Amino acid sequence: SGTNQTSVSIGAFVGESAPRYIQQRLSSIASADYASALSLSSSTQRTALAQIGITTNEDNGQLEFSSSVFTAALGDYQSSIEALFSDTSGSFSDTMRDALDTYVDTSTGIITSLKSTLSNNVERLEDSLAYHNTRLTKYRARLQSQFTRLESLTSSFNTAGSFLTSFFD
C-alpha cells in the first residue's frame, strides 16, 4: 500500500492480459441474460443464472449457489432452466463450452499459446544468462591474470627501488 515499494509483491501473471481477459469473459458469460438467444421472455421465464440462484461473489469473483432459490425456480420454470443449460446454440452451456474451448484447447487454446510463449521466453532468458555468465567468467579470469602480472611488476619495482635506494645511500 502507498509508496512503500519494499512491501509490494508481484503476482505470477503480472504484465499478462490473458488471465484478466479470461476472467472478464467468463464473468460476462455467467452474468448474461440468454432470453433473446433462446427465444424466451425474460419477464415470464428464467433466462439468467442470477434468476435461478447462481450469483457471482463481488469480493472474490467466485460463483455462489442458493439451493432454495434454484429449487423454487426449477419448480416453476423448469423448461426455461433446461433451455438455459441445454446444447442449444446461444444457451449458457453452449456459450461457456465455446469460451472454455477457446482458452483450454490443447492445440489452439489461448492458455496453450501463452504457456508456449512463456516457455520460449524462459529458454531465451536462460540462454542469455548462460552467455553473460560465460562472458563474466572470462572477464574475471582476464582481470585476475592482469592483477597477477601487476603484482609481479610491483614486486620487481619494489626490489629495484630497494636496490637503488641502498646503492645511493
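What you see is a predicted model; the values in this text were computed from it and never measured.
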Sub-3.5 Å donor-acceptor pair from the side chain of [X] to the main-chain atoms of [Y], do we have one?
X    : Y    : result
S128 : R124 : no
T148 : Q144 : yes
T159 : S155 : yes
Q45  : S41  : yes
T137 : N133 : yes
T134 : A130 : yes
T102 : D98  : yes
T117 : S113 : yes
Q51  : T47  : yes
S27  : Q23  : no

As an exercise, state the distance from [atom1] of [X] to [atom2] of [Y], rounded to the nearest 0.5 Å.
X    : Y    : atom1 : atom2 : value
F157 : L164 : CZ    : CG    : 11.5 Å
E58  : T56  : CD    : OG1   : 9.0 Å
E126 : N121 : CD    : CG    : 11.0 Å
D105 : T108 : CG    : OG1   : 3.5 Å
I110 : R25  : CD1   : CZ    : 10.5 Å
L118 : I111 : CG    : CD1   : 11.5 Å

Grab the two heavy atoms, one from [X] and one from [Y], that are nearest each other, plus how far apart they are.
X   : Y   : result
A73 : I52 : CB-CG2, 4.0 Å
D87 : S91 : C-OG, 4.3 Å
L40 : A83 : CD1-CB, 4.2 Å
A37 : G90 : CB-O, 3.4 Å

*Between T95, D94, D101, which is the residue that forms a side-chain hydrogen bond (donor to acceptor under 3.5 Å, both in side chains) with R97?*
D94

*No-hydrogen, no-angle side-chain donor-acceptor test under 3.5 Å, N57 and E64*: yes

*Look at the aromatic rings of F92 and Y34 and report parallel, tilted or perpendicular, splitting at 30° and 60°.*
perpendicular

*Among L49, I54, T55, which residue meets the side chain to side chain contact (heavy atoms under 4.5 Å, CB included) test with F65?*
I54

*asked:* Tell me which pairs pass side-chain hydrogen bond (donor to acceptor under 3.5 Å, both in side chains) where either residue lies in residues 67-80, with sequence neighbours left out.
replied: R46-Y77, S66-S68, Q78-E82

*Check the hydrophobic clustering (I, L, V, M, F, W, Y; side-chain heavy atoms under 4.5 Å; chains of links allowed) and say if V69 and L84 are grouped together.*
no

